[in-house]
Amino acid sequence: MYRINSTSNRIVKLKEVSFSDLGFTERHHLQEWLANQPDALGEELLIIQKEFDGFDDTRERLDLLAIDKSGNLVIIENKLDDSGRDVVWQALKYASYCSTLSKSQIAEIFQKHLDKSGPGRDAKALICEFLDQEEFAEVVLNPGNDQRLIMVAAQFRKEVTSTVLWLLKHRVFVKCFRATPFKDGVDLFLTVEQVIPLPEAEELMIGISEKETEELSSERGQATRHQLRTDFWHATLEALTKANIELYSNVSPSRDHWLNAGSGMGGVHYSMIFNRDEARVDFALSTRSKEANKALFDYLYTRREHVEAAFGSELIWRRMDDKKVSLIECAAPFEGHNRETWQAMIDWLVAHVRKMEKTFEKEVPALRTVARTRFSKDVTAEESVST
(Lines give C-alpha, C1' and ligand atoms only; values in the text may rest on other atoms or scores of the structure.)
Protein backbone atom coordinates (compact mmCIF):
# COMPACT_ATOMS: atom_id res chain seq x y z
CA MET A 1 0.00 0.00 0.00
CA TYR A 2 1.26 3.48 -0.87
CA ARG A 3 0.34 6.96 0.24
CA ILE A 4 0.05 9.52 -2.57
CA ASN A 5 1.80 12.84 -1.95
CA SER A 6 0.10 15.27 -4.31
CA THR A 7 2.53 18.07 -3.47
CA SER A 8 5.67 16.15 -4.44
CA ASN A 9 3.88 13.99 -6.99
CA ARG A 10 5.36 10.88 -5.38
CA ILE A 11 4.07 7.76 -3.68
CA VAL A 12 5.39 6.63 -0.31
CA LYS A 13 5.30 2.99 0.71
CA LEU A 14 3.48 2.30 3.94
CA LYS A 15 4.91 -0.08 6.48
CA GLU A 16 3.28 -3.49 6.61
CA VAL A 17 2.90 -4.66 10.19
CA SER A 18 1.43 -7.63 12.02
CA PHE A 19 -1.74 -7.70 14.07
CA SER A 20 0.19 -8.96 17.08
CA ASP A 21 2.66 -6.05 16.84
CA LEU A 22 -0.30 -3.69 17.03
CA GLY A 23 -1.81 -5.53 19.97
CA PHE A 24 -4.90 -6.54 18.03
CA THR A 25 -6.74 -9.77 18.79
CA GLU A 26 -8.86 -12.01 16.64
CA ARG A 27 -11.99 -11.79 18.77
CA HIS A 28 -12.01 -8.16 19.87
CA HIS A 29 -10.69 -6.56 16.72
CA LEU A 30 -10.73 -8.48 13.41
CA GLN A 31 -13.99 -10.21 14.26
CA GLU A 32 -15.67 -6.95 15.32
CA TRP A 33 -14.48 -5.13 12.19
CA LEU A 34 -15.97 -7.76 9.90
CA ALA A 35 -19.15 -8.14 11.94
CA ASN A 36 -19.85 -4.45 11.53
CA GLN A 37 -18.56 -4.15 7.94
CA PRO A 38 -19.28 -7.51 6.29
CA ASP A 39 -19.15 -6.04 2.78
CA ALA A 40 -15.38 -5.86 3.30
CA LEU A 41 -15.63 -9.49 2.18
CA GLY A 42 -16.79 -8.42 -1.28
CA GLU A 43 -20.53 -9.08 -1.03
CA GLU A 44 -23.66 -8.29 0.93
CA LEU A 45 -23.87 -10.50 4.01
CA LEU A 46 -26.24 -10.43 6.98
CA ILE A 47 -24.35 -11.30 10.16
CA ILE A 48 -26.72 -13.33 12.35
CA GLN A 49 -24.42 -14.38 15.20
CA LYS A 50 -20.95 -13.91 16.70
CA GLU A 51 -19.12 -16.61 18.64
CA PHE A 52 -21.86 -19.09 17.81
CA ASP A 53 -21.70 -22.13 20.10
CA GLY A 54 -25.10 -23.72 19.54
CA PHE A 55 -23.75 -27.15 18.67
CA ASP A 56 -24.89 -30.23 20.57
CA ASP A 57 -22.27 -32.09 22.64
CA THR A 58 -19.45 -29.70 21.78
CA ARG A 59 -18.12 -26.48 23.24
CA GLU A 60 -16.71 -25.24 19.95
CA ARG A 61 -17.49 -21.73 18.68
CA LEU A 62 -17.44 -20.42 15.14
CA ASP A 63 -16.39 -16.80 14.76
CA LEU A 64 -19.15 -15.34 12.59
CA LEU A 65 -22.29 -16.84 11.10
CA ALA A 66 -23.95 -15.02 8.20
CA ILE A 67 -26.59 -15.34 5.47
CA ASP A 68 -25.84 -14.46 1.86
CA LYS A 69 -28.26 -13.04 -0.71
CA SER A 70 -29.28 -16.55 -1.79
CA GLY A 71 -30.24 -17.60 1.74
CA ASN A 72 -27.16 -19.79 2.21
CA LEU A 73 -25.41 -19.94 5.55
CA VAL A 74 -21.86 -18.54 5.48
CA ILE A 75 -19.34 -19.70 8.07
CA ILE A 76 -16.62 -17.09 8.60
CA GLU A 77 -13.43 -18.13 10.39
CA ASN A 78 -10.91 -15.45 11.33
CA LYS A 79 -7.24 -15.91 12.12
CA LEU A 80 -4.67 -13.18 12.68
CA ASP A 81 -1.10 -13.31 11.38
CA ASP A 82 -1.17 -16.98 10.41
CA SER A 83 -4.00 -19.21 9.25
CA GLY A 84 -2.67 -22.21 11.15
CA ARG A 85 -2.87 -25.75 9.81
CA ASP A 86 -6.37 -26.63 11.01
CA VAL A 87 -8.50 -23.70 9.85
CA VAL A 88 -10.04 -25.66 6.95
CA TRP A 89 -10.88 -28.58 9.22
CA GLN A 90 -12.46 -26.18 11.72
CA ALA A 91 -14.54 -24.46 9.05
CA LEU A 92 -15.71 -27.78 7.57
CA LYS A 93 -16.76 -29.02 11.00
CA TYR A 94 -18.79 -25.87 11.60
CA ALA A 95 -20.39 -26.15 8.16
CA SER A 96 -21.43 -29.72 8.90
CA TYR A 97 -22.88 -28.67 12.26
CA CYS A 98 -24.80 -25.80 10.63
CA SER A 99 -26.09 -27.92 7.73
CA THR A 100 -28.95 -29.22 9.89
CA LEU A 101 -30.21 -25.81 11.02
CA SER A 102 -33.81 -25.18 10.01
CA LYS A 103 -35.28 -21.85 8.97
CA SER A 104 -36.94 -21.35 12.36
CA GLN A 105 -33.71 -22.20 14.19
CA ILE A 106 -31.78 -19.68 12.08
CA ALA A 107 -34.34 -16.97 12.85
CA GLU A 108 -34.07 -17.83 16.56
CA ILE A 109 -30.25 -17.63 16.44
CA PHE A 110 -30.44 -14.22 14.76
CA GLN A 111 -33.08 -13.00 17.23
CA LYS A 112 -30.79 -13.87 20.17
CA HIS A 113 -28.01 -11.91 18.50
CA LEU A 114 -30.29 -8.90 18.01
CA ASP A 115 -31.55 -9.05 21.59
CA LYS A 116 -27.98 -8.90 22.89
CA SER A 117 -27.18 -5.78 20.90
CA GLY A 118 -30.44 -4.05 21.79
CA PRO A 119 -34.07 -5.21 21.90
CA GLY A 120 -36.79 -4.02 19.56
CA ARG A 121 -35.68 -5.49 16.22
CA ASP A 122 -37.36 -8.49 14.63
CA ALA A 123 -35.12 -11.16 13.08
CA LYS A 124 -37.69 -12.48 10.62
CA ALA A 125 -38.49 -9.00 9.33
CA LEU A 126 -34.80 -8.19 8.84
CA ILE A 127 -34.20 -11.49 7.01
CA CYS A 128 -37.14 -10.76 4.70
CA GLU A 129 -35.81 -7.27 4.02
CA PHE A 130 -32.30 -8.58 3.31
CA LEU A 131 -33.59 -11.26 0.91
CA ASP A 132 -36.21 -8.97 -0.71
CA GLN A 133 -39.08 -11.21 0.31
CA GLU A 134 -42.45 -9.94 1.49
CA GLU A 135 -43.17 -12.78 3.88
CA PHE A 136 -41.02 -15.05 6.02
CA ALA A 137 -43.08 -18.02 4.82
CA GLU A 138 -41.59 -17.49 1.35
CA VAL A 139 -38.00 -17.31 2.58
CA VAL A 140 -35.75 -20.31 1.93
CA LEU A 141 -32.73 -20.53 4.24
CA ASN A 142 -29.87 -23.01 4.35
CA PRO A 143 -30.98 -25.09 1.35
CA GLY A 144 -29.38 -28.49 0.77
CA ASN A 145 -25.62 -28.63 1.22
CA ASP A 146 -24.96 -25.09 0.04
CA GLN A 147 -23.24 -23.85 3.19
CA ARG A 148 -20.31 -21.60 2.30
CA LEU A 149 -16.94 -21.00 3.97
CA ILE A 150 -14.95 -17.79 4.24
CA MET A 151 -11.54 -17.72 5.91
CA VAL A 152 -9.65 -14.57 6.81
CA ALA A 153 -5.99 -14.34 7.82
CA ALA A 154 -2.88 -12.31 7.16
CA GLN A 155 -1.10 -15.36 5.68
CA PHE A 156 -2.32 -18.78 4.55
CA ARG A 157 -0.15 -21.87 4.84
CA LYS A 158 0.42 -24.03 1.77
CA GLU A 159 -1.46 -26.97 3.27
CA VAL A 160 -4.47 -24.67 3.67
CA THR A 161 -4.41 -23.24 0.14
CA SER A 162 -3.90 -26.71 -1.36
CA THR A 163 -6.93 -28.08 0.50
CA VAL A 164 -9.08 -25.07 -0.42
CA LEU A 165 -8.30 -25.48 -4.13
CA TRP A 166 -9.22 -29.17 -3.91
CA LEU A 167 -12.53 -28.31 -2.22
CA LEU A 168 -13.34 -25.76 -4.91
CA LYS A 169 -12.93 -28.42 -7.59
CA HIS A 170 -15.51 -30.49 -5.72
CA ARG A 171 -18.07 -27.66 -5.57
CA VAL A 172 -17.47 -26.73 -1.94
CA PHE A 173 -17.32 -22.96 -2.24
CA VAL A 174 -14.59 -21.54 -0.06
CA LYS A 175 -13.08 -18.08 -0.15
CA CYS A 176 -9.82 -16.96 1.42
CA PHE A 177 -9.20 -13.30 2.22
CA ARG A 178 -5.84 -11.86 3.18
CA ALA A 179 -6.23 -9.14 5.83
CA THR A 180 -3.13 -6.94 6.06
CA PRO A 181 -2.61 -4.04 8.47
CA PHE A 182 -0.38 -1.06 7.56
CA LYS A 183 1.00 1.76 9.65
CA ASP A 184 1.92 5.32 8.73
CA GLY A 185 2.94 7.22 11.83
CA VAL A 186 -0.05 7.03 14.14
CA ASP A 187 -2.42 6.23 11.28
CA LEU A 188 -3.44 2.60 10.78
CA PHE A 189 -4.86 1.06 7.60
CA LEU A 190 -6.27 -2.32 6.64
CA THR A 191 -6.62 -4.08 3.30
CA VAL A 192 -8.90 -7.10 2.85
CA GLU A 193 -8.02 -8.87 -0.38
CA GLN A 194 -9.62 -11.98 -1.89
CA VAL A 195 -6.84 -14.39 -2.80
CA ILE A 196 -8.70 -17.69 -3.40
CA PRO A 197 -10.36 -17.95 -5.79
CA LEU A 198 -9.06 -14.92 -7.62
CA PRO A 199 -12.00 -12.55 -8.21
CA GLU A 200 -11.63 -12.69 -11.99
CA ALA A 201 -11.88 -16.52 -11.92
CA GLU A 202 -14.68 -16.81 -9.38
CA GLU A 203 -17.59 -16.10 -11.73
CA LEU A 204 -16.38 -18.74 -14.18
CA MET A 205 -15.98 -21.32 -11.41
CA ILE A 206 -19.46 -20.61 -10.05
CA GLY A 207 -20.95 -20.77 -13.53
CA ILE A 208 -19.41 -24.17 -14.23
CA SER A 209 -20.59 -25.51 -10.88
CA GLU A 210 -24.13 -24.20 -11.31
CA LYS A 211 -24.35 -25.81 -14.75
CA GLU A 212 -23.19 -29.16 -13.38
CA THR A 213 -25.65 -28.91 -10.48
CA GLU A 214 -28.55 -28.06 -12.79
CA GLU A 215 -27.72 -30.97 -15.08
CA LEU A 216 -27.49 -33.36 -12.14
CA SER A 217 -30.78 -32.10 -10.74
CA SER A 218 -32.45 -32.48 -14.12
CA GLU A 219 -31.18 -36.05 -14.51
CA ARG A 220 -32.57 -36.99 -11.13
CA GLY A 221 -35.92 -35.42 -12.00
CA GLN A 222 -36.11 -33.49 -8.75
CA ALA A 223 -39.09 -31.15 -8.52
CA THR A 224 -38.05 -27.66 -7.54
CA ARG A 225 -40.01 -24.95 -5.83
CA HIS A 226 -40.35 -23.18 -9.19
CA GLN A 227 -41.77 -26.31 -10.81
CA LEU A 228 -44.24 -26.68 -7.96
CA ARG A 229 -45.53 -23.15 -8.55
CA THR A 230 -45.71 -23.63 -12.31
CA ASP A 231 -47.78 -26.79 -11.87
CA PHE A 232 -50.09 -25.03 -9.46
CA TRP A 233 -50.67 -22.08 -11.79
CA HIS A 234 -51.37 -24.42 -14.72
CA ALA A 235 -54.14 -26.07 -12.72
CA THR A 236 -55.49 -22.76 -11.39
CA LEU A 237 -55.67 -21.09 -14.81
CA GLU A 238 -57.46 -24.13 -16.22
CA ALA A 239 -59.99 -23.91 -13.38
CA LEU A 240 -60.55 -20.19 -14.03
CA THR A 241 -61.18 -20.91 -17.72
CA LYS A 242 -63.68 -23.67 -16.87
CA ALA A 243 -65.43 -21.22 -14.51
CA ASN A 244 -65.73 -18.69 -17.40
CA ILE A 245 -63.57 -16.15 -15.57
CA GLU A 246 -61.70 -14.22 -18.26
CA LEU A 247 -59.63 -11.98 -15.97
CA TYR A 248 -56.53 -14.18 -16.37
CA SER A 249 -57.22 -15.40 -19.92
CA ASN A 250 -54.07 -13.72 -21.30
CA VAL A 251 -51.81 -14.73 -18.40
CA SER A 252 -49.38 -17.68 -18.59
CA PRO A 253 -48.27 -19.95 -15.72
CA SER A 254 -45.25 -18.64 -13.87
CA ARG A 255 -42.63 -19.93 -11.45
CA ASP A 256 -43.28 -16.91 -9.22
CA HIS A 257 -45.54 -17.13 -6.17
CA TRP A 258 -47.92 -14.58 -7.70
CA LEU A 259 -49.88 -14.01 -10.91
CA ASN A 260 -51.12 -10.53 -11.86
CA ALA A 261 -53.98 -9.47 -14.11
CA GLY A 262 -54.77 -5.95 -15.30
CA SER A 263 -57.71 -3.92 -14.07
CA GLY A 264 -57.94 -1.60 -17.09
CA MET A 265 -56.15 1.15 -15.15
CA GLY A 266 -52.39 1.57 -15.40
CA GLY A 267 -50.55 0.52 -12.25
CA VAL A 268 -53.65 -1.04 -10.67
CA HIS A 269 -54.02 -4.81 -10.87
CA TYR A 270 -55.41 -7.99 -9.37
CA SER A 271 -53.08 -10.62 -7.88
CA MET A 272 -53.37 -14.27 -6.92
CA ILE A 273 -50.82 -15.36 -4.32
CA PHE A 274 -49.63 -18.94 -3.76
CA ASN A 275 -47.69 -19.28 -0.51
CA ARG A 276 -46.48 -22.21 1.53
CA ASP A 277 -49.15 -21.58 4.16
CA GLU A 278 -51.89 -19.55 2.46
CA ALA A 279 -53.74 -18.52 -0.67
CA ARG A 280 -54.53 -14.85 -1.23
CA VAL A 281 -56.21 -12.49 -3.67
CA ASP A 282 -55.17 -8.83 -3.79
CA PHE A 283 -56.36 -5.62 -5.35
CA ALA A 284 -53.04 -3.79 -5.74
CA LEU A 285 -52.54 -0.04 -6.10
CA SER A 286 -49.02 0.20 -7.50
CA THR A 287 -48.78 3.14 -9.88
CA ARG A 288 -45.42 4.88 -10.24
CA SER A 289 -46.45 7.48 -7.67
CA LYS A 290 -46.48 6.47 -4.02
CA GLU A 291 -48.57 9.54 -3.24
CA ALA A 292 -51.15 8.54 -5.84
CA ASN A 293 -51.35 4.99 -4.46
CA LYS A 294 -52.03 6.26 -0.95
CA ALA A 295 -54.67 8.69 -2.25
CA LEU A 296 -56.43 5.89 -4.17
CA PHE A 297 -56.29 3.65 -1.11
CA ASP A 298 -57.71 6.42 1.08
CA TYR A 299 -60.56 6.96 -1.37
CA LEU A 300 -61.45 3.27 -1.31
CA TYR A 301 -61.12 3.16 2.46
CA THR A 302 -63.81 5.86 2.77
CA ARG A 303 -66.03 3.36 0.92
CA ARG A 304 -64.89 0.42 3.00
CA GLU A 305 -68.36 -0.51 4.25
CA HIS A 306 -69.81 -0.44 0.73
CA VAL A 307 -66.83 -2.35 -0.75
CA GLU A 308 -66.93 -5.11 1.86
CA ALA A 309 -70.70 -5.43 1.46
CA ALA A 310 -70.21 -5.93 -2.29
CA PHE A 311 -67.42 -8.44 -1.66
CA GLY A 312 -69.46 -10.33 0.92
CA SER A 313 -66.96 -10.35 3.79
CA GLU A 314 -64.32 -8.27 5.54
CA LEU A 315 -61.12 -7.47 3.66
CA ILE A 316 -57.57 -6.79 4.85
CA TRP A 317 -56.69 -3.12 4.22
CA ARG A 318 -52.92 -2.52 4.01
CA ARG A 319 -51.97 1.09 3.32
CA MET A 320 -48.26 0.30 3.96
CA ASP A 321 -46.96 3.83 4.44
CA ASP A 322 -43.33 2.67 4.22
CA LYS A 323 -43.81 1.15 0.75
CA LYS A 324 -44.94 2.45 -2.62
CA VAL A 325 -47.73 -0.08 -3.11
CA SER A 326 -50.99 -0.37 -1.13
CA LEU A 327 -53.03 -3.58 -1.01
CA ILE A 328 -56.57 -4.72 -0.27
CA GLU A 329 -56.54 -8.45 0.43
CA CYS A 330 -58.44 -11.57 1.26
CA ALA A 331 -56.53 -14.64 2.47
CA ALA A 332 -57.14 -18.16 3.74
CA PRO A 333 -54.77 -20.74 5.30
CA PHE A 334 -53.71 -23.73 3.19
CA GLU A 335 -50.77 -26.14 3.01
CA GLY A 336 -49.66 -24.76 -0.32
CA HIS A 337 -46.76 -27.16 -0.89
CA ASN A 338 -48.96 -30.20 -0.26
CA ARG A 339 -50.46 -31.15 -3.62
CA GLU A 340 -53.34 -32.95 -1.89
CA THR A 341 -54.69 -29.56 -0.74
CA TRP A 342 -54.50 -27.96 -4.16
CA GLN A 343 -58.06 -28.64 -5.27
CA ALA A 344 -59.52 -26.89 -2.23
CA MET A 345 -57.00 -24.08 -2.64
CA ILE A 346 -57.84 -23.63 -6.33
CA ASP A 347 -61.58 -23.70 -5.62
CA TRP A 348 -61.07 -20.95 -3.05
CA LEU A 349 -59.04 -18.84 -5.51
CA VAL A 350 -61.62 -19.22 -8.30
CA ALA A 351 -64.44 -18.10 -6.00
CA HIS A 352 -62.52 -15.15 -4.57
CA VAL A 353 -61.01 -13.97 -7.86
CA ARG A 354 -64.57 -13.75 -9.16
CA LYS A 355 -65.69 -11.78 -6.08
CA MET A 356 -62.64 -9.50 -6.19
CA GLU A 357 -63.17 -8.64 -9.86
CA LYS A 358 -66.91 -8.01 -9.49
CA THR A 359 -66.29 -5.79 -6.46
CA PHE A 360 -63.49 -3.61 -7.78
CA GLU A 361 -64.29 -3.35 -11.47
CA LYS A 362 -67.07 -1.00 -10.39
CA GLU A 363 -64.56 1.12 -8.46
CA VAL A 364 -61.97 1.51 -11.24
CA PRO A 365 -63.72 4.37 -13.12
CA ALA A 366 -63.88 6.42 -9.93
CA LEU A 367 -60.26 5.59 -9.13
CA ARG A 368 -59.24 6.76 -12.58
CA THR A 369 -61.09 10.05 -12.02
CA VAL A 370 -59.43 10.57 -8.62
CA ALA A 371 -55.99 9.88 -10.08
CA ARG A 372 -56.43 12.12 -13.12
CA THR A 373 -57.80 14.96 -11.02
CA ARG A 374 -54.99 14.95 -8.48
CA PHE A 375 -52.08 13.34 -10.32
CA SER A 376 -52.78 13.98 -13.99
CA LYS A 377 -49.11 13.98 -15.12
CA ASP A 378 -48.19 10.70 -13.41
CA VAL A 379 -51.38 8.96 -14.44
CA THR A 380 -51.07 10.04 -18.08
CA ALA A 381 -47.59 8.51 -18.21
CA GLU A 382 -48.76 5.34 -16.47
CA GLU A 383 -51.75 4.90 -18.78
CA SER A 384 -49.44 5.43 -21.77
CA VAL A 385 -47.10 2.68 -20.57
CA SER A 386 -49.95 0.29 -19.81
CA THR A 387 -51.42 0.67 -23.29
Side-chain angles (χ1 to χ4, degrees), residues 19 24-80 83-84 86-133 135-153 160 164 167 172-177 179 190 192 194:
F19 288 108
F24 290 146
T25 65
E26 174 189 313
R27 181 174 182 180
H28 296 294
H29 295 95
L30 184 58
Q31 179 174 293
E32 284 298 310
W33 300 339
L34 295 176
N36 288 282
Q37 194 73 45
D39 60 358
L41 298 174
E43 62 181 294
E44 291 185 73
L45 295 171
L46 180 65
I47 303 296
I48 63 170
Q49 191 56 273
K50 297 187 294 186
E51 295 290 319
F52 178 59
D53 60 354
F55 308 128
D56 293 335
D57 302 323
T58 175
R59 307 175 83 177
E60 294 175 294
R61 298 170 179 261
L62 68 83
D63 295 334
L64 294 172
L65 185 61
I67 300 171
D68 69 12
K69 277 293 190 177
S70 297
N72 301 313
L73 286 182
V74 183
I75 289 82
I76 304 172
E77 274 300 295
N78 305 311
K79 302 298 179 183
L80 286 177
S83 66
D86 300 325
V87 63
V88 178
W89 170 238
Q90 277 185 292
L92 287 172
K93 280 194 300 181
Y94 297 149
S96 71
Y97 299 157
C98 291
S99 66
T100 61
L101 292 175
S102 67
K103 181 169 73 171
S104 59
Q105 287 174 319
I106 292 168
E108 183 180 348
I109 289 166
F110 188 26
Q111 191 62 59
K112 289 179 180 178
H113 175 61
L114 293 173
D115 292 343
K116 283 183 182 179
S117 57
R121 291 179 292 171
D122 182 71
K124 292 181 179 179
L126 290 176
I127 291 172
C128 287
E129 181 181 345
F130 178 72
L131 296 177
D132 297 320
Q133 291 286 346
E135 300 176 355
F136 190 70
E138 278 298 302
V139 168
V140 176
L141 295 178
N142 200 23
N145 292 312
D146 290 337
Q147 300 78 32
R148 296 176 48 210
L149 309 176
I150 292 180
M151 295 179 286
V152 185
V160 172
V164 167
L167 288 170
V172 178
F173 284 103
V174 190
K175 289 184 181 181
C176 294
F177 286 83
L190 179 73
V192 182
Q194 183 175 330

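Nothing fancy with the numbering, it's 1 onward along the sequence. As the structure is a computational prediction, the values presented were derived from the model and not from experiment.
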**Message:** If the condition is ring-ring contact (aromatic ring centres under 6.0 Å, His included), which residues does His29 pass it with, not counting sequence neighbours?
**Reply:** Phe24

**Minimum side-chain heavy-atom gap Phe19-Glu26 below 4.5 Å** = no

**Request:** Kindly say whether Phe177 contributes a backbone atom to a donor-acceptor pair with the side chain of Gln194 at under 3.5 angstrom?
**Result:** no

**Asked** Would Glu32 and Lys50 pass as an ion pair if we require N to O under 4.0 Å?
**Response** yes

**Heavy-atom donor-acceptor pair, Glu77 side chain to Met151 backbone, under 3.5 Å** = no

**Message:** Looking at Asp122 and Ala125, would you say the former's side chain and the latter's main chain have a donor-acceptor pair under 3.5 Å?
**Reply:** yes

**Message:** Nearest 0.5 angstrom please: Trp33 CH2 to Asn36 CG, how far?
**Reply:** 12.0 Å

**Prompt:** Hey, what do you get for CG (Leu62) to NZ (Lys93), rounding to the nearest 0.5 Å?
**Reply:** 11.0 Å

**Request:** Mark yes or no: Lys103 above the aromatic ring of Phe136, with NZ or CZ under 6.0 Å from the six-membered ring centre and no more than 45 degrees from the axis.
**Result:** yes

**Request:** Check step by step if side chain to side chain contact (heavy atoms under 4.5 Å, CB included) holds for Ile109 and Leu101.
**Result:** CA-CA 10 Å; Ile109 289 166; Leu101 292 175; 3.9 Å; yes

**Asked** Between atom CD1 of Ile127 and atom CD of Gln111, what is the distance when rounded to the nearest 0.5 Å?
**Response** 9.0 Å

**Asked** Should we say atom NZ of Lys69 is surrounded by more than 12 heavy atoms from elsewhere, each under 6.0 Å from it?
**Response** yes

**Item:** Side-chain H-bond candidate by donor/acceptor type, Lys79 with Gln90, under 3.5 Å
**Value:** yes

**Message:** Run the side chain to side chain contact (heavy atoms under 4.5 Å, CB included) test on Ile76 and Leu45 for me, step by step, so that the C-alpha distance in whole Å, both residues' side-chain angles and the decisive distance to 0.1 Å come before the verdict.
**Reply:** CA-CA 11 Å; Ile76 304 172; Leu45 295 171; 4.3 Å; yes

**Request:** Output the distance between atom CG (Asp132) and atom CD (Glu129), rounded to the nearest 0.5 Å.
**Result:** 8.5 Å

**Sub-4.5 Å side-chain heavy-atom contact between Val74 and Phe173** = no

**Asked** Are the side chain of Asn142 and the backbone of Cys98 linked by a donor-acceptor contact shorter than 3.5 Å?
**Response** yes

**Message:** For a quick test of reading the model, state the closest non-hydrogen atom pair linking Leu34 to Leu64 and the distance between them.
**Reply:** CB-CD1, 3.9 Å

**Message:** For a side chain to side chain contact (heavy atoms under 4.5 Å, CB included) check, start with the C-alpha distance between Ile67 and Asn72, then their side-chain angles and the critical distance, and finish with the verdict.
**Reply:** CA-CA 6 Å; Ile67 300 171; Asn72 301 313; over 6 Å; no

**Asked** How long is the span from the OG atom in Ser104 to the CG atom in Leu141, to the nearest 0.5 Å?
**Response** 10.0 Å

**Asked** Mind checking whether Val160 and Asp86 have side chains closer than 4.5 Å, heavy atoms only?
**Response** no

**Asked** What distance do Ile47 atom CD1 and His113 atom NE2 have between them, rounded to the nearest 0.5 Å?
**Response** 7.5 Å

**Message:** Treating Lys124 as the side-chain partner and Glu135 as the backbone partner, does any N or O pair qualify as donor plus acceptor under 3.5 Å?
**Reply:** no

**Item:** Expected output: side-chain Asp63 to main-chain Asn78 donor-acceptor under 3.5 Å
**Value:** yes

**Request:** Keeping the roles fixed (side chain from Asp68, backbone from Gly71), state whether a donor-acceptor pair exists under 3.5 Å.
**Result:** yes

**Request:** Output all residues satisfying salt bridge (charged side-chain N to carboxylate O under 4.0 Å, His left out) with Arg121, sequence neighbours left out; order by chain, then residue number.
**Result:** none

**Asked** Quick one: are Ile48 and Leu73 in side-chain contact, heavy atoms under 4.5 Å?
**Response** yes

**Asked** side-chain contact (heavy atoms from CB on, under 4.5 Å) with Ala95: which residues, sequence neighbours excluded?
**Response** Ile75, Gln147, Leu149

**Asked** At their closest point, which heavy atom of Arg27 faces which heavy atom of Gln31, and how far apart are they?
**Response** O-CB, 3.4 Å

**Asked** Heavy-atom count around Gln105 CD within 6.0 Å, excluding the residue itself: above 12?
**Response** yes

**Request:** Applying salt bridge (charged side-chain N to carboxylate O under 4.0 Å, His left out), run through Glu43 and Arg148 and close with a yes or a no.
**Result:** CA-CA 13 Å; Glu43 62 181 294; Arg148 296 176 48 210; 2.7 Å; yes

